[in-house]
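Working notes for the structure below.
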2 protein chains.
Amino acid sequence: MKIQIFGRDAEGGEGLKMEEPEKVRKPAGVKNRLLASCDQENPCKIPPSYKISMETLEKVERLMREDVSDTVAILKVLSDPMRLRILKALRIEDLCVCVLVELMNCEYSKLSYHLKLLKEAGLIDCTQDGNFLIYHLTESGEKKVTSFGIF
Amino acid sequence: MKIQIFGRDAEGGEGLKMEEPEKVRKPAGVKNRLLASCDQENPCKIPPSYKISMETLEKVERLMREDVSDTVAILKVLSDPMRLRILKALRIEDLCVCVLVELMNCEYSKLSYHLKLLKEAGLIDCTQDGNFLIYHLTESGEKKVTSFGIF
DNA sequence: TTAATATTTCAAAAATATTTGAAATATTGA
DNA sequence: TCAATATTTCAAATATTTTTGAAATATTAA
C-alpha cells in the first residue's frame, strides 16, 4: 500500500486545506515505515479524495504512541452489567455484601469476584464492622463514575 | 442474612437522617425477598453502624432493575487499546484502512475485526472510494467519545 | 473453647473475545 | 477480459474473563 502526501496544511481538522502541487515525499524516521514504498519508480495509488498532510500524519502517529492502558483498564472494569449495577447502588448508599448479594440476586463468590475487580481498580473500598464488610464508592471512584457520565 | 430496617429518612444521601425507634418491618413485594427472614422470632443481626431506610432500599432496587445493556455494550467496545487508538486517530482525520494498518502495525484481518465492532456500535462508518474504504467517526460516535471524556 | 456467620479465595469448567491465516469479494486498470 | 489491489469474511486456534462450588478465613456469640 502506498500513500501520497501533500504539502503542509494548517493544523488537522481546521478546515481550509490548501493543496500544493503534487509532490511525493519520502521522509525519514517514523514516516518511513508508513510511506516506505512511496517513491518515483513506485508511484502512489490512492483514491483522489484521499489526501493527508505530513502534519496530520505526524499528529496521528504521536497519538498512536500515547499509552491508553489506564483508560482501557478502567473501561474494562466498567463494562460489565453486574459491576455497573454495583456502582449504581453504592452511589446511593454504602452497602454490605449481604445486601448486595440479595440485590444482585447472585452467589457470594460471584459478587466477591466483581467487588474485587472494582476494588482493585480503586473505584470502591470497604470498611469492616464485625463480620460484615460495608462497601462504598471511593472519592476517585465517585469522580470517575461521574465524569464518564454513565448513569 | 437478615437486615434491619429503620424508619423513613428524607431522601437517600440528603444528609440529616433521623433515627426513629428501632422497629423491624416486614414489608410486601420486592422487599419480601430482600428482607424475607427478618421478623420477631428471627431477629436481625446486622452491625450497629449499618442502617438502611425503606426509601433508600426502594430507590436502590429501582436502580437495579434499570437496563444497563446499552451502556455496557458501548463500554465493551471502547475497552480495547486498538479500538481506542483507532478512535483517537479518526478524531483527527478520516483514514483509509491501508493507513490504519500501518499506523496500528497489524494485519488487515485483525484491524478489520476491530473496525467491524466499532462500526456495529455506530461509532464509526466508512465511505468507499474505488478500492479504498475511508473510515470516519460518526456524529454519534464523536459525541459519545467526547462525552466519555476519554481522550 | 466451639459453633455460626459473613465473606473471600481457589481451581476447574464454561463462556467470550481476540488473533491468525487462508480464501472470498469487489473494484480498478490494463 | 484478466491480474492486481484493498478489504472483508470465515473457521480454527488462543487468550481472557466469568461462573461455579467447595474450602479457607476471620469474627462474633455462646
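Basis for what follows: all heavy atoms, side chains included, without hydrogens, waters or symmetry-related copies.
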* Count the heavy atoms of every other residue, nucleotide or ligand shown that sit under 6.0 Å from CD of B:Glu107, and state whether that count exceeds 12. => no

* To do: Take atom CE of B:Met82 and atom P of C:dT19, then tell me their distance rounded to the nearest Å.
  => 7 Å

* Asked: Stepwise, does the side-chain contact (heavy atoms from CB on, under 4.5 Å) test hold for A:Leu95 with B:Ile52?
  -> CA-CA 9 Å; A:Leu95 293 168; B:Ile52 186 169; 3.7 Å; yes

* Nucleotide nearest B:Ser112 when distance is taken to its side chain, options C:dA17, C:dT18, D:dT9 -> D:dT9

* Asked: Rounded to the nearest Å, what distance is computed from the OH atom of residue A:Tyr135 to the C1' atom of nucleotide C:dA6?
  -> 11 Å

* To do: Take atom CE of B:Met104 and atom P of C:dT20, then tell me their distance rounded to the nearest Å.
  => 15 Å

* Asked: Roughly, in whole Å, what's the span from CG in A:Leu75 to C1' in D:dT16?
  -> 17 Å

* Of the listed nucleotides C:dT5, C:dT28, D:dT9, the one nearest the side chain of B:Ser109 -> D:dT9

* Structure fact -> Heavy-atom nearest nucleotide on DNA chain D taken for A:Leu117 and for B:Val97; more 5' hit belongs to B:Val97

* Mind checking whether B:Val101 and B:Val99 sit in one hydrophobic cluster, side chains of I, L, V, M, F, W, Y counted as touching below 4.5 Å? -> yes

* Is the phosphate of D:dT17, meaning OP1 or OP2, less than 4.0 Å from a side-chain N or O of A:His114? -> no

* Asked: When we call it a touch if two heavy atoms are under 4.0 Å apart, what does B:Gln128 touch: a base, just sugar-phosphate, or nothing?
  -> sugar-phosphate

* To do: Tell me which nucleotide among D:dA6, C:dT8, D:dT28 gets nearest to the side chain of A:Asn131.
  => D:dT28

* Working for side-chain contact (heavy atoms from CB on, under 4.5 Å), residues A:Phe148 and A:Leu78 -> CA-CA 10 Å; A:Phe148 275 105; A:Leu78 291 177; 3.7 Å; yes

* For the pair made of CG in B:Asp125 and P in D:dT8, what is the distance, rounded to whole Å? -> 12 Å

* Can you tell me the distance, in whole Å, between the CD atom of A:Glu107 and the C1' atom of C:dA11? => 17 Å

* Asked: So which nucleotide from C:dT19, C:dG21, C:dA6 ends up closest to the side chain of B:Lys110?
  -> C:dT19

* Report the distance from atom CG of B:Leu95 to atom C1' of D:dT7, rounded to the nearest whole Å. => 16 Å

* To do: Could you please name the option among C:dT7, C:dG21, D:dA6 that lies closest to any side-chain atom of A:Cys96?
  => C:dT7

* Side chain of A:Asp80 - closest among C:dT8, D:dA6, D:dT18 -> D:dT18

* Asked: When we call it a touch if two heavy atoms are under 4.0 Å apart, what does A:Leu100 touch: a base, just sugar-phosphate, or nothing?
  -> nothing

* Asked: Looking only at side-chain N and O atoms, does B:Tyr113 come under 4.0 Å of OP1 or OP2 in D:dT7?
  -> no

* Asked: Will you find, in the side chains of A:Ser53 and A:Thr56, an N or O donor that is under 3.5 Å from an N or O acceptor?
  -> yes

* Atom NZ of B:Lys76 to atom P of D:dT16: distance rounded to whole Å? -> 16 Å

